[in-house]
Undergrad: 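Handing you this structure, nothing more for now.
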Amino acid sequence: VQLQASGGGLVQAGGSLRLSCAASGLFFGSHIMGWFRQAPGKEREFVANINTNGRNTYYADSLKDRFTISRDNTRNTVYLQMNSLKPEDTADYYCAAAPRRSVYYDISDYRESGRYDYWGQGTLVTVSS
């Protein structure tokens, strides 16, 4: 299984970036996808996730007004659109995949990193003030 994250870079405060994560080696449509981030000297934190068909999403409270997660199951790719970026958004951003283990589940339960079996390598986002 490979999760290849891309799209990070240097952006000024107030700008936007769209991260992509291309998955291979797994049945993408049966995996809940998530984005996490880790800032220097801090623990990894949940950003957002999306259910298998893309209809349900869940966000960290502090980010839901600026970030949007989406997925394209035909391209095996999950996206994170980030708007109105702030210097405190500077971090390595990781995508992750969690196999759906039951038909019915609460997407908010998947805010925990331990739920995810597969992780990408991270893409660095740097927001300058």
Side-chain angles (χ1 to χ4, degrees):
V1 174
Q2 284 194 331
L3 301 178
Q4 184 69 40
S6 62
L10 175 64
V11 63
Q12 288 188 333
S16 298
L17 281 176
R18 188 175 83 151
L19 306 183
S20 300
C21 175
S24 60
L26 78 170
F27 183 51
F28 187 72
S30 68
H31 284 73
I32 295 145
M33 299 301 296
W35 285 97
F36 292 76
R37 69 184 185 182
Q38 187 167 18
K42 295 188 177 181
E43 293 186 353
R44 187 173 297 186
E45 65 174 350
F46 171 78
V47 173
N49 60 14
I50 188 166
N51 74 335
T52 54
N53 63 16
R55 293 174 183 171
N56 291 325
T57 57
Y58 184 73
Y59 297 89
D61 285 342
S62 61
L63 301 176
K64 60 185 177 181
D65 292 334
R66 299 187 294 119
F67 289 13
T68 302
I69 189 171
S70 61
R71 67 190 293 162
D72 184 343
N73 285 357
T74 67
R75 297 178 182 271
N76 288 4
T77 302
V78 62
Y79 305 96
L80 184 69
Q81 177 67 41
M82 306 184 294
N83 298 327
S84 302
L85 283 162
K86 304 175 181 180
E88 51 264 43
D89 294 320
T90 295
D92 280 307
Y93 284 73
Y94 298 88
C95 60
R100 187 190 70 183
R101 293 187 169 92
S102 63
V103 175
Y104 300 103
Y105 59 93
D106 188 337
I107 191 69
S108 67
D109 290 340
Y110 286 80
R111 66 188 182 276
E112 301 173 3
S113 61
R115 292 270 189 165
Y116 294 81
D117 289 3
Y118 308 109
W119 291 83
Q121 84 289 359
T123 185
L124 178 62
V125 172
T126 303
V127 185
S128 63
S129 58

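This structure is a prediction, so every number in the text was calculated from the model and none was measured.
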Undergrad: Can you name the nearest heavy-atom pair linking Ala97 to Leu3, along with the distance?
TA: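 The pair with the smallest heavy-atom distance is N-CD1, 3.8 Å.
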
Undergrad: Do Leu19 and Val47 land in one hydrophobic cluster if side-chain heavy atoms of ILVMFWY residues count as linked below 4.5 Å?
TA: yes

Undergrad: Just how far is it from atom OG of Ser30 to atom CG of Asn53, taken to the nearest 0.5 Å?
TA: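 If I round to the nearest 0.5 Å, the distance is 12.5 Å.
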
Undergrad: Output, in order, the C-alpha distance, side-chain angles, deciding distance and verdict of salt bridge (Lys or Arg N to Asp or Glu O under 4.0 Å) for Asp61 and Arg111.
TA: CA-CA 11 Å; Asp61 285 342; Arg111 66 188 182 276; over 6 Å; no

Undergrad: Quick check on the hydrophobic clustering: are Trp35 and Leu17 connected, directly or via other members, by side-chain heavy-atom contacts under 4.5 Å?
TA: yes

Undergrad: Would you check if the side chain of Asp89 reaches a backbone N or O of Val125 as a donor-acceptor pair within less than 3.5 Å?
TA: no

Undergrad: Where do Ser113 and Trp119 come nearest, in terms of heavy atoms and distance?
TA: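 Result for this residue pair: O-CZ2, 3.5 Å.
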
Undergrad: More than 12 heavy atoms of other residues, nucleotides or ligands under 6.0 Å from CD of Glu88: is that the case?
TA: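 For Glu88, atom CD is crowded (more than 12 foreign heavy atoms under 6.0 Å).
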
Undergrad: Please determine which of Asp109, Asn49, Ile32 meets the side-chain contact (heavy atoms from CB on, under 4.5 Å) test together with Arg115.
TA: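 Between Arg115 and the candidates, side-chain contact (heavy atoms from CB on, under 4.5 Å) is satisfied uniquely by Asp109.
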
Undergrad: Quick check on the hydrophobic clustering: are Tyr118 and Met33 connected, directly or via other members, by side-chain heavy-atom contacts under 4.5 Å?
TA: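 Cluster IDs for Tyr118 and Met33 match.
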
Undergrad: How close do Ser70 and Val78 get, counting heavy atoms only, and between which atoms?
TA: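 Of all heavy-atom pairs spanning Ser70 and Val78, the closest is O-CG2, 3.1 Å.
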
Undergrad: Is there a path of hydrophobic side-chain contacts, each under 4.5 Å between heavy atoms of I, L, V, M, F, W or Y residues, that connects Ile50 with Tyr58?
TA: no

Undergrad: Within this structure, what is the CZ-CZ distance for the pair Arg100 and Phe27, rounded to the nearest 0.5 Å?
TA: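 So the gap between those two atoms works out to 8.5 Å.
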
Undergrad: Is a side-chain donor or acceptor of Tyr116 paired with a backbone partner of Tyr110 at a separation under 3.5 angstrom?
TA: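 Checked: pair present.
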
Undergrad: Quick one: pull up CD1 in Ile69 and CG in Leu63 and give me the separation to the nearest 0.5 Å.
TA: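 Answer for the CD1-CG pair, Ile69 versus Leu63, is 11.5 Å.
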
Undergrad: Can you give me the closest heavy-atom contact between Arg71 and His31, atom names plus distance?
TA: NH1-O, 2.8 Å

Undergrad: Measure from the side-chain N and O atoms of Gln121 to the backbone N and O of Gln4, and report whether any donor-acceptor pair falls under 3.5 Å.
TA: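 It does not hold such a pair.
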
Undergrad: Group every Ile, Leu, Val, Met, Phe, Trp and Tyr by side-chain heavy-atom contacts under 4.5 Å, then state whether Leu124 and Leu85 land in the same group.
TA: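 Cluster IDs for Leu124 and Leu85 differ.
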
Undergrad: May I ask you to decide if the ring planes of Phe67 and Tyr93 are parallel, tilted or perpendicular, using 30° and 60° as cut-offs?
TA: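 Tilted.
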
Undergrad: Distance from Thr74 atom OG1 to Phe28 atom CZ, nearest 0.5 Å?
TA: 9.5 Å

Undergrad: I need the Cys95 SG to Arg37 CZ distance, nearest 0.5 Å.
TA: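 Those atoms lie 15.5 Å apart.
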
Undergrad: Please determine if Arg18 forms a cation-pi arrangement with Tyr79, meaning its NZ or CZ atom is less than 6.0 Å from the six-membered ring centre and no more than 45° off the ring axis.
TA: yes

Undergrad: What heavy-atom pair brings Gly120 and Tyr94 nearest, and what distance separates the two atoms?
TA: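 Where Gly120 meets Tyr94 most closely, the heavy atoms are O-CD2, 3.5 Å.
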
Undergrad: Show the nearest heavy-atom pair for residues Tyr105 and Asn51, with the distance to one decimal.
TA: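 Residues Tyr105 and Asn51, closest heavy atoms: OH-CB, 3.1 Å.
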
Undergrad: Using a 3.5 Å distance criterion without hydrogens, assess whether the side chain of Asn73 forms a donor-acceptor pair with backbone atoms of Thr52.
TA: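 Checked: pair present.
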
Undergrad: Calculate, to the nearest 0.5 Å, the distance between atoms CD and OG belonging to Gln12 and Ser129 respectively.
TA: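 Separation between the atoms: 9.5 Å.
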
